[in-house]
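Since the structure comes first, as structure tokens, the remarks are kept for the end.
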Amino acid sequence: MTSVTAPAARETVLAARGIVKRFGTLTVLHGIDLSLTSGEVVAIIGPSGSGKSTFIRCMNMLEVPDAGEISFRGRRVVPKFRAAGETLGLGELRRHVGMVFQHFNLFPHMSVLENVIEGPVTVQRKPRAEAVDIAMDYIAKVGLAEKRDARPDQLSGGQKQRVAIARALAMQPDALLLDEITSALDPELVGEVLGVVRNLAEQGMTMVLVTHEISFAADVSDRVVFMEAGRIAEQGSPDRILHNPDNERLKTFLARFHG
Amino acid sequence: MYTWSFAPILQASDLFLWGAWITVVYTVASIVIGLVLGLLLCFARLSGIGPLNWLAQGFQELFRCTPLLVQLLWIYYALPLLLGFDLANWAAALITLSLYAAAFYAEVFRGGIVSIDKGQSEAGAAIGMSGWQVMRRIVLPQAIRRMMPAFINQSVTQFKNTSLISVISVAELTYMASIVNGQTYRPLESYTVLAVLYFAILFPITKFADIVESRTRSGH
Amino acid sequence: MKSIIRALCVAGLGLLALQTSARAEDTIEAIRSRGVLRIPGIINEDPYFNKDPRSGEWRGFAIEMARDIASTLGVKLEVVESSWPNSILDVQSGKVDLALGVTATPQRALSVAFSAPTYFNSFVIVSPKAELSKLSWAELNDPKYTFAVDLGSSQDLIAQQYLPKAKMLRFKSRDEAIVAVVSGKADGLVNTMLNGLVMSKKASGIGKVMVPSPVLSTPSVVAMNWKADEKSRAFISAWAEYNRRIGNNQTWIVKSLAPFGITLDDMPEGFGFGG
């Protein structure tokens, strides 16, 4: 477990400032600020409709904010694939910041191995042999080495999600964004996926996870952020947030989980 | 009582076969050209650039909402007057059939691409792929499987549409039947042979289409 | 439906052709400088036109007439493959210089310019039923008779006018109308003398040519684009008049019927091409 207080000397990997997002006339995010430092694990919790998923999707610009700024290692991200000079384009951003989705989104016309080497080969232009080595390493790390030639439709939900994690890791990103990655899984399959995430945290991977697994969030993260109605209502150490929150609505929210 | 006599018709079988060949040539040529144009039109529709989208859509509506017969006559007779140079009938036929095919194929392609779950292109984007890489590596391979039945259906329709080019005197199969009629004065027998020939060509194609369709269903 | 579409096309083209140039064209000069006279040729229209599908050679009296005009002008003849309904469009759009074998009607005269008649064509019934043979148009105009005709042709117009009470089966093409008679669905076919004669010799089961009284005939003319100048039109009309009066047109017509075994003796009494 990493320490609770992130030292000021640690580099800021990903930063969001003043993020506003509207869908039509509905404002979903009212100005979110969040910084992620190297090796930090941040968990975002909150009720449905609080804007958590929208926010994490803003962090890799799958949603483009209407106001505010995303920056990666100090460079501002612009919503274009390629960018000039100081700014960072989307292509480059996403090579450094990976994402795992709630519904896995594996490529059905490719095998497990082909899914995982796709990024290194097509985007990083690595030779296939090198990509296969990298890929098999991560596929083994998520415990699916024997499934390398299987098709996604032959896998269970938990296995699919682990492949999705391996696919994101194969790009060797600086940070990972995990968007409710266990919400679509049958309960008995959740554990195998959380196990992989725990290992990643222990190895120092910088992560943001949006999750409903409160106790897991507490266990694995350095900081818990509670979002509600498009704003950060409260944030702090897992211990304080979960056992001694200030915010009334957070208390109500947590009460649901503790019965 | 009408006495059937196929002998004079069979003597003209070389004409029928030539007509069938011409029909196949126009069908294949218009499918190939229509396919390429249709793909471009489809990308124009999906480009997100307003004017490009509207232009492409306008083109599609024009060809889908007017009868092919009218299009043929217009492109053969009226278009040259606007352009200032003459169009031979075979050129007008090929152009019309190809543009018609493009308008319909564009819709088939668009339907296929749009039916691919958004999560697929998001996953591609999330590993740093450009829009073109996502289309080429992720979306199109899946979309092609999905759109195959509709594509084959439209192509069969293209084949049957070719018979209309006889209206501007292009010597395809239906036109050949008229020629044989003129020589033999046996339209009943001519039309019978015509129907048999069309069936002989289309039946294997539709059977092939059925096989492709069942493979598409099970292969996923 | 096709005829409606064509009518719209003809009207539209007329407008379009007028826009593109207001100046009257010296058609004869244009033909001479090009060195070629272009006419539409229609397959299966014996004795007017027909094309040998294997050799590509055209024959028929309309071709003979066109060859004569071309040689008078000192140019070659080029035949553009087309169809009856399209030949008006061909003239209007400038794809051809003139069209032969066209039946002059007042409506058509609004879209193209017509010359003096080249010959007169009578309307006939072709039928295997002998009992129809001596009947007049008035007697044939009876619901107990069923006739077949090709849609939109001049014989269709005649049928509408003189046989409104009879049952009419209208077909897209003459071939289909022939099938109807031969298979017994219709008692007879409404057509013109020349086509009728050839048909009766060639189509088995179609029967004989009958000319109902009163004899209805229309002039067959040469059609030209409205932009053709006075001189060109006068030339064509003079050619038509001359050849009709001295019997050249009749000679060409009779010559084109000979391959089908039809002679002047086969023609019904009182029938003549001179008008």
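Worth saying up front: this structure is predicted, and the values here are computed from it rather than measured. Chain letters run A, B, ... following the sequence lines, proteins first and then strands; every chain starts at 1.
- At a 4.5 Å heavy-atom cutoff, A:Met61 makes no contact with chain B through either its backbone or its side chain.
- Counting only heavy atoms from C-beta outward, the side chains of A:Thr122 and B:Met129 approach each other to under 4.5 Å.
- By the 6.0 Å contact criterion, CD on A:Glu86 is open, its count of non-hydrogen atoms from other residues, nucleotides or ligands being 12 or less.
- The backbone N or O of B:Arg137 lies less than 3.5 Å from a partner atom in the side chain of A:His109, making a donor-acceptor pair.
- Across A:Val123 and B:Gly128, no two heavy atoms sit closer than the pair CG1-O, 3.6 Å.
- In this structure, no portion of A:Leu90 lies under 4.5 Å from any heavy atom of chain B.
- Under the rule for a ring pair (Phe, Tyr, Trp, His ring centres under 6.0 Å), B:Phe16 has no partner lying at least two apart in sequence or in another chain.
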Could you pull out every donor-acceptor pair under 3.5 Å between side chains of residues 201-209 of chain B and any protein atom, sequence neighbours left out?
{"from": "B:Thr206", "atom 1": "OG1", "to": "B:Leu202", "atom 2": "O", "distance (Å)": "3.1"}
{"from": "B:Thr206", "atom 1": "OG1", "to": "B:Phe203", "atom 2": "O", "distance (Å)": "2.9"}
{"from": "B:Lys207", "atom 1": "NZ", "to": "B:Asp210", "atom 2": "OD2", "distance (Å)": "3.4"}

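- Between the side chain of A:Asn105 and the backbone N or O of B:Ala123 there is no donor-acceptor pair closer than 3.5 Å.
- Counting non-hydrogen atoms of other residues, nucleotides and ligands closer than 6.0 Å to CZ of A:Arg82 gives a total of 12 or fewer.
- No part of A:Val100 comes within reach of chain B, as not one of its non-hydrogen atoms sits under 4.5 angstrom from that chain.
- Contacts between A:Arg57 and chain B at a heavy-atom distance below 4.5 Å involve the side chain alone, from C-beta outward.
- Proximity to chain A involves both the backbone and the side chain of B:Gln120, based on heavy atoms less than 4.5 angstrom apart.
- Atom CZ of A:Arg128 is surrounded by 12 or fewer heavy atoms from other residues, nucleotides or ligands within 6.0 Å.
- Between atom CG of residue B:Asp117 and atom NE2 of residue A:His103 there is a gap of 8.5 Å, rounded to the nearest 0.5 Å.
- Contacts of A:Phe107 with chain B are made by both backbone and side-chain atoms, with heavy-atom separations under 4.5 Å.
- Distance CD/A:Glu118 to CD1/B:Ile138: 5.0 Å, rounded to 0.5 Å.
- Residues of residues 156-176 of chain A that come closer than 4.5 Å to chain B, counting heavy atoms only, are A:Arg167, A:Met171, ordered by residue number.
- Here the side chain of B:Gln142 pairs no donor or acceptor atom with the backbone of A:Pro108 at under 3.5 angstrom.
- In this structure A:Leu88 satisfies the side chain to side chain contact (heavy atoms under 4.5 Å, CB included) test together with A:Phe72, A:Arg75, A:Val77, A:Glu92, A:Leu93, sequence neighbours excluded.
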